[in-house]
K.L.:
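Sharing a structure below in structure tokens format, with a few things to ask.
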Amino acid sequence: LLELGKTFDPKSAEEHWFQRWIDLGYFKADPSRLGPVFSIVIPPPNVTGQLHLGHALNVTLHDVIVRTRRMQGYNTLWQPGTDHAGIATQNVVERELAKEGKSRHDLGREAFVARVWQWRETYGGRILNQLRRLGASCDWSRERFTLDPGLSRAVTEIFVRLYREGLIYRALSLINWCPRCETALSDLEVDHKETPGYLWYIRYPLADGSGAVTVATTRPETMLGDTAVAVHPDDLRYKAMLGKKIALPLIEREIPIIADPDVDPAFGSGAVKITPGHDFNDFQMGRRHNLPQISVMDTHGRMNDEAGPYRGMTREDCRTRVVEDLTALGLLEKMEPHQHAVGVCSRCETVVEPTLSNQWFVRVKPLAEEALAAVRDGRTTFHPKRWENTYFSWMENVYDWCISRQLWWGHRIPAYWCERCGEMMVAAERPATCVKCGGGDLRQEEDVLDTWFSSALWPFSTLGWPAETPELERYYPTSLLITGFDIIFFWVARMMMMGLKCTGQVPFRDVYITPLVRDQFGKKMTKSRGNVVDPLQIMERYGTDAVRFTLAQLSVQGRDLILSDDRLAASRAFANKVWNAARFVLMNLEGAPQPLPAPAAAGLGLAERWILASLDGAIGEVSAAIDRYEFNLAALRAYSFIWHEFCDWYIELAKEPLKQDGERQAAARWVLVRCFDGLLRLLHPFMPFITEEIWQTLRPYLDEPGLAPHLAIAKFPVPQAQAVLGPDEAAAMERCIAATEAINSLRSLLGYHPGQRVEARIKFLGGDDAVAEFHAEFERWKPYAATMAKTASLGLAGPSDNTTGGMVTAVLGWCEVGVMAPEGFDFDRARSALRKKLDEVTAHHRQHQARLDNPDFVAKAAPEMQEQMQQRAQELAGQQDLLRKQLRLLEAS
RNA sequence: GGACGCAUAGCUCAGCCCGGUUAGAGCGCUUGCCUCACAUGCAAGAGGUCCCAGGUUCAAGUCCUGGUGCGUCCACCA
């Protein structure tokens with residue numbers, strides 16, 4: 001006989017069961033298996049990643065749905081893996097090298113990349129191990145990495161395809177440049193930070209000496225790259241100057257004054273300096289007017305030869321010097337404090353420099369159209385739905401995506417140049433010779449691709465695309481994507497575009513956007529705030545099951561998630577409750593046959609049928625909630641069934657029959673096991689470890705054809721088709737519970753010790769015709785109420801009996817409940833309780849009556865509603881009368 | 001500058017889509033209990049102008065409009 005210890009030991013259970021599940025191959029996906037499919041890909045964490053609460057939440061929700069679907073018999077695939085995370089990983093290894101006093105340039109490209117691979121071999125699995133500790137039931141045999149040969153082939157393939165279709169191109173353009181990372185960035189990798197600065201007003205003299213124009217700028221140092229000054233065409237102040245030249249101070253160059261309607265005459269001086277080489281607006285305007293583009297900085301953000309005397313200075317130093325020099329020349333008119341948003345590198349916070357550079361781009365618009373349509377027509381649906389607006393607004397306004405990065409760690413762009421004739425070739429395989437001149441000396445593009453380029457292919461590249469694998473055939477499109485809103489643009493949108501482009505199908509049918517995890521003060525968890533909670537630590541403290549349950553329980557759609565110790569402790573207490581209920585059940589199975597024979601339906605008492613019906617209700621509601629991705633409701637419903645229905649009521653009611661021998665005992669045992677089995681299966685997706693541990697001890701008693709050896713692959717429960725509990729019986733149990741609660745409330749009011757037995761009486765208030773029926777019903781639940789309310793005697797009062805002889809009473813809608821007062825009881829307490837109740841009832845009665853007296857209500861409200869109100873008002877009036885009567889009696893005594 | 005979200009008990013949140021029982025839960029608090037599964041527990045109790053102002057309706061925590069407060073995202077106006 002298996003036994004359960006006094007307390008649950010999460011740690012050993014977690015290690016033990018996870019290993020068993022893996023060893024037995026339960027999480028392995030088999031594309032050849034028939035049946036409905038559920039597939040999902042993990043958002044690949046960065047190889048450099050450390051488990052944080054966002055991951056923990058994400059993985060928990062994945063696992064809840066994956067385990068549910070697996071148990072429901074779906075052919076289930078949860079695809080795991082990691083992302084090579086270009087900049088992040090390269091930075092980590094570069095920092096490591098820096099400690100040795102070296103840079104990546106000391107090693108050279110090949111050796112550096114080898115070093116990063118080495119780092120990845122050593123540390124890259126860490127994050128996945130952490131996910132495993134959470135119980136993630138991925139098919140770990142299918143782990144993928146975005147730089148794996150297979151996935152790299154997919155990257156090359158799609159790159160070449162898009163290039164040939166003209167959707168990828170190479171061009172000299174203004175891009176976001178991080179001078180610290182020394183690479184181009186996409187728009188998305190630039191954060192905008194509100195920064196206090198100045199607006200400098202600089203006087204630009206006209207070349208013919210006939211005056212000057214004052215321009216306002218936040219970046220005086222870029223004047224060295226100015227190629228025009230622009231004013232609004234209708235601005236009378238400047239009309240006469242149009243076409244004239246300006247002698248650009250500090251750097252001897254003449255630039256034109258041009259007119260452009262984009263200039264806002266009301267801002268600054270109404271004249272704006274145009275620097276196409278260092279400003280996105282100016283770049284656009286420069287193109288319209290065919291202005292030259294001058295780059296005045298190098299890749300480190302230092303001034304270059306074009307900056308003349310300022311060559312070699314940093315951007316910041318140059319700004320200071322330029323302002324000083326202008327002041328000295330008397331050309332600085334004034335400076336005003338000015339708040340503006342400065343673009344910074346999302347990786348290192350360095351101020352981004354818009355820079356002219358040769359880069360590779362994806363033409364996004366044509367791809368976006370299909371991706372927009374797919375969500376509009378419902379091929380893919382977001383949950384909650386409102387995130388679709390976010391998706392739409394971004395998709396509708398996309399610019400071309402800069403995909404080249406000047407890094408070493410990543411997918412090297414498959415473009416080759418002929419060293420002899422300069423011809424460029426884009427091809428999946430390195431060409432042997434130049435297609436144009438036949439030269440054999442080819443040089444591959446140095447740049448690598450944006451990490452998100454390969455991430456965009458994840459849902460199908462992991463399944464073997466472009467090969468037509470059984471996996472791709474079976475599991476694509478995937479069923480669901482679970483991720484945070486912060487990467488809707490980075491990842492979700494791009495997967496949609498690439499998925500549709502490459503496969504003609506959406507990559508996933510549903511997208512569930514998780515809430516954002518915050519600390520107990522409601523603040524976003526960030527490293528800089530220092531409020532990051534380490535999930536591994538709380539898993540140590542509360543147990544993984546409790547952490548998972550808490551996260552699921554707090555996953556409300558469309559809201560942030562605030563994790564608090566209180567909630568975690570409550571979940572741990574819940575795990576403990578389940579554990580102890582299991583101990584109770586097992587303890588009472590001693591000597592029972594294995595498996596337990598099912599009792600005859602007639603052998604089941606009211607309580608047995610009631611709890612079985614409740615279980616079915618809970619099963620239905622939990623399943624439905626999971627189907628709707630309402631994880632919080634699913635968790636809460638399971639919780640309330642287990643604690644408040646099964647433990648609070650059925651376990652207590654089972655104690656008596658369990659003490660008997662024979663049929664009643666056998667029936668109670670069977671019901672206990674059946675319910676427990678059902679609730680463990682229901683709870684397993686949320687709390688896999690404790691449920692498996694308990695289920696193993698229960699398993700020998702189960703009688704099910706083809707019973708699974710482990711809960712992880714057991715069948716998810718479904719409600720029984722035939723109702724086991726009639727509506728009259730359900731109502732009977734409701735009355736039993738209500739009467740019990742009323743008696744307990746009176747016990748407490750009367751100051752009885754919890755263990756003390758009391759005299760109690762119930763007086764039915766229904767009509768005379770219903771009395772006999774009620775008496776029959778009462779006989780059925782009387783023992784339950786007697787047990788739960790610890791009565792010495794529980795009787796019925798006749799219609800004319802006065803319940804109040806020495807008793808204190810409470811009034812329910814359908815009955816009066818009386819409990820004998822102990823000797824020397826101070827009736828003042830009872831009187832004030834009665835008065836309070838009377839006040840409440842009176843207030844409500846008045847509300848109802850007012851409504852009934854309203855002629856509009858009578859004229860317009862639905863007849864059923866009126867009848868309902870009528871009834872309720874009558875009931876309340878009746879209660880009022882009784883309460884008044886009792887109050888009088890009490891006052892008399 | 002646009003857009004979105006949230007506001008219900010001391011705290012953290014359900015309920016609102018689809019208007020109608022005396023608005024719920026967990027934690028915390030108060031009172032009494034180590035009652036033979038569980039003190040990580042049991043029983044009882046206190047605690048709520050459902051942010052404000054209008055509107056729609058016979059009826060509003062629930063629907064609409066405006067406001068306030070908090071939070072978030074997007075944005076190449078110097």
Side-chain angles (χ1 to χ4, degrees), chain A residues 4 6-8 174 176 187 192 199 215-219 230 262-264 267-269 271-275 279-284 338 340-341 343 354 384 386-387 389-390 393-394 397 399 485-486 488-489 516 518 520 522-524 546 553-554 556 558-567 569-588 632-633 636 639-640 644 647-648 651-652 655 741 744-749 751-756 789-790 840-841 843-845 847-848 851 854-862 864-866 868-869 872 876:
Chain A
L4 296 177
K6 183 115 172 90
T7 53
F8 174 57
L174 196 68
N176 296 294
D187 297 341
H192 294 273
L199 199 54
V215 298
T217 180
T218 54
R219 298 197 60 195
D262 266 13
V263 178
D264 175 5
F267 189 91
S269 61
V272 56
K273 60 193 259 332
I274 302 300
T275 323
D279 183 283
F280 287 98
N281 270 325
D282 295 2
F283 180 75
Q284 295 296 340
H338 183 73
H340 62 149
R386 69 181 158 87
W387 288 111
N389 293 328
T390 307
S393 67
W394 185 75
N397 300 294
Y399 292 84
F485 66 85
D486 49 333
I488 289 179
F489 308 144
L516 179 75
R518 297 168 175 278
Q520 57 260 64
K523 293 284 183 213
K524 196 169 166 176
Q553 192 192 22
L554 293 174
V556 180
R559 227 189 148 100
D560 296 336
L561 183 158
I562 296 185
L563 193 67
S564 65
D565 284 339
D566 283 351
R567 283 283 188 174
S571 296
R572 181 177 52 189
F574 176 52
N576 181 257
K577 188 77 179 174
V578 174
W579 184 258
N580 280 293
R583 288 178 58 222
F584 173 83
V585 172
L586 265 130
M587 205 172 275
N588 283 287
N632 62 319
L633 297 181
L636 286 168
Y639 177 100
S640 74
H644 298 304
C647 291
D648 283 357
I651 283 191
E652 293 306 322
K655 284 177 179 174
E741 284 169 353
N744 277 332
S745 187
L746 289 169
R747 290 176 56 102
S748 189
L749 175 71
Y752 281 108
H753 186 278
Q756 208 168 334
K790 297 208 174 58
E840 275 174 31
V841 171
H844 291 130
H845 178 254
Q847 265 175 30
H848 283 80
R851 196 172 281 185
N854 183 345
D856 284 333
F857 178 76
V858 178
K860 294 179 185 169
E864 312 87 68
M865 182 53 56
Q866 299 201 31
Q868 216 180 90
M869 284 291 168
R872 212 172 294 144
L876 287 166

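Computed from a prediction, not measured in an experiment: that's the story for all the values here. All chains are named by letter (A, B, ...) in the order of the sequence lines, taking the proteins before the strands, and each is independently numbered beginning at 1. Side chains included, hydrogens not; waters and symmetry mates left out as well; all remaining heavy atoms used.
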K.L.:
Between B/G45 and A/Ser745, is there an OP1 or OP2 to side-chain N/O distance shorter than 4.0 Å?
P.N.:
yes

K.L.:
A/Asp279 side chain: which of B/C38, B/U40, B/A78 is closest?
P.N.:
B/A78

K.L.:
Can you list everything that forms a salt bridge (charged side-chain N to carboxylate O under 4.0 Å, His left out) with A/Arg219? Sequence neighbours excluded, please.
P.N.:
A/Glu221, A/Glu353

K.L.:
Could you measure between the two C1' atoms, the one in B/A75 and the one in B/C58, and give it in whole Å?
P.N.:
49 Å

K.L.:
What is the distance from CD of A/Glu652 to P of B/U35, rounded to the nearest Å?
P.N.:
13 Å

K.L.:
Which is more 5' along RNA chain B, the nucleotide nearest A/Gln284 or the one nearest A/Phe574? Just name the residue.
P.N.:
A/Phe574

K.L.:
When we call it a touch if two heavy atoms are under 4.0 Å apart, what does A/Tyr399 touch: a base, just sugar-phosphate, or nothing?
P.N.:
base

K.L.:
Expressed in whole Å, how much space separates the P atoms belonging to B/C11 and B/U21?
P.N.:
26 Å

K.L.:
State whether the side chain of A/Ser745 and the backbone N or O of A/Glu741 hold a donor-acceptor pair below 3.5 Å, judged by distance alone.
P.N.:
no

K.L.:
In whole angstroms, how far is the P atom of B/A43 from the CZ atom of A/Arg747?
P.N.:
12 Å

K.L.:
May I have the distance from A/Arg572 (atom CZ) to B/C38 (atom C1'), rounded to whole angstrom?
P.N.:
14 Å

K.L.:
Go nucleotide by nucleotide along RNA chain B from the 5' end; which of A/Asn854 and A/Ala216 gets its closest nucleotide reached first?
P.N.:
A/Asn854

K.L.:
Given pairs defined as Watson-Crick or G-U wobble with both distances under 3.5 Å, what dot-bracket annotation applies to RNA chain B, with ( ) intrastrand, [ ] crossing, | other strand and . unpaired?
P.N.:
(((((((..((((......[...)))).(((((.......))))).....(((((..]....))))))))))))....

K.L.:
For A/His340 and B/A75, give me the distance from atom NE2 to atom P, rounded to whole Å.
P.N.:
17 Å

K.L.:
Which whole-number value in Å describes the distance from A/Ile651 CD1 to B/A37 P?
P.N.:
9 Å

K.L.:
Quick check for you: to the nearest 0.5 Å, what is the distance between A/Tyr752 atom OH and A/Lys790 atom NZ?
P.N.:
14.5 Å

K.L.:
Could you measure between the two P atoms, the one in B/U40 and the one in B/C6, and give it in whole Å?
P.N.:
38 Å

K.L.:
Under the salt bridge (charged side-chain N to carboxylate O under 4.0 Å, His left out) rule, collect the residues that match up with A/Lys655, sequence neighbours excluded.
P.N.:
A/Glu652

K.L.:
For atom C1', what is the distance between B/C63 and B/A59, given to the nearest Å?
P.N.:
13 Å

K.L.:
Sub-3.5 Å donor-acceptor pair from the side chain of A/Arg747 to the main-chain atoms of A/Ala789, do we have one?
P.N.:
yes

K.L.:
Looking only at atom P, what distance separates B/U30 and B/U35, rounded to whole Å?
P.N.:
22 Å

K.L.:
Side-chain donor-acceptor pair under 3.5 Å between A/Asn580 and A/Arg583, yes or no?
P.N.:
yes

K.L.:
Roughly, in whole Å, what's the span from CG in A/Asp486 to P in B/G5?
P.N.:
18 Å

K.L.:
With sequence neighbours excluded, what pairs up with A/Tyr639 under the ring-ring contact (aromatic ring centres under 6.0 Å, His included) test?
P.N.:
A/Phe574, A/Trp643

K.L.:
Looking only at the side chain of A/Cys647 (C-beta and beyond, no hydrogens), which of the listed nucleotides B/C76, B/C33, B/A37 gets closest?
P.N.:
B/A37

K.L.:
Would one find a side-chain N or O of A/Lys655 under 4.0 angstrom from OP1 or OP2 of B/U35?
P.N.:
no

K.L.:
Can any side-chain N or O of A/Arg572 pair as donor or acceptor with the backbone N or O of A/Arg567 at less than 3.5 Å?
P.N.:
no

K.L.:
Can you figure out which of B/A78, B/C76, B/A37 approaches the side chain of A/His192 most closely?
P.N.:
B/C76

K.L.:
Looking at A/Lys577, does any N or O in its side chain come under 4.0 Å of the phosphate oxygens OP1/OP2 on B/A37?
P.N.:
no

K.L.:
If the condition is salt bridge (charged side-chain N to carboxylate O under 4.0 Å, His left out), which residues does A/Asp566 pass it with, not counting sequence neighbours?
P.N.:
none

K.L.:
Return yes if a side-chain donor-acceptor contact under 3.5 Å exists between A/Arg872 and A/Gln868, otherwise no.
P.N.:
yes

K.L.:
Among B/A78, B/C73, B/A75, which nucleotide sits nearest the side chain of A/Phe489?
P.N.:
B/C73

K.L.:
Looking only at the side chain of A/Asp648 (C-beta and beyond, no hydrogens), which of the listed nucleotides B/C42, B/C4, B/U40 gets closest?
P.N.:
B/C42

K.L.:
Measure from CE on A/Met587 to P on B/C38 and round the result to the nearest Å.
P.N.:
7 Å

K.L.:
When you measure from the side chain of A/Ala341, which nucleotide among B/C77, B/A37, B/A75 comes out closest?
P.N.:
B/A75

K.L.:
Give the intermediate values and the outcome of side chain to side chain contact (heavy atoms under 4.5 Å, CB included) for residues A/Leu199 and A/Thr218.
P.N.:
CA-CA 5 Å; A/Leu199 199 54; A/Thr218 54; 3.7 Å; yes

K.L.:
Select one nucleotide: of B/A37, B/C33, B/A78, the one nearest the side-chain heavy atoms of A/Ala581.
P.N.:
B/A37

K.L.:
Using atom P in both nucleotides, what's the gap between B/G48 and B/U8 to the nearest angstrom?
P.N.:
15 Å

K.L.:
Using the C1' atom as the reference point in each nucleotide, state the distance between B/A78 and B/C4 in Å, no decimals.
P.N.:
29 Å

K.L.:
Could you measure between the two C1' atoms, the one in B/G67 and the one in B/A7, and give it in whole Å?
P.N.:
14 Å

K.L.:
Could you check how far CG of A/Asp262 sits from C1' of B/C76, rounded to whole Å?
P.N.:
11 Å

K.L.:
Nearest to the side chain of A/Asn744, which nucleotide is it out of B/A44, B/A37, B/C76?
P.N.:
B/A44

K.L.:
Begin with the C-alpha distance, continue with both residues' side-chain angles, and end with the deciding distance and a verdict on side chain to side chain contact (heavy atoms under 4.5 Å, CB included) for A/Ile651 and A/Phe584.
P.N.:
CA-CA 8 Å; A/Ile651 283 191; A/Phe584 173 83; 3.6 Å; yes

K.L.:
Taking protein heavy atoms under 4.0 Å as touching, what does nucleotides 14-26 of chain B look like 5' to 3' if B marks base contact, S marks sugar-phosphate-only contact and - marks none?
P.N.:
S-----BSB--BS

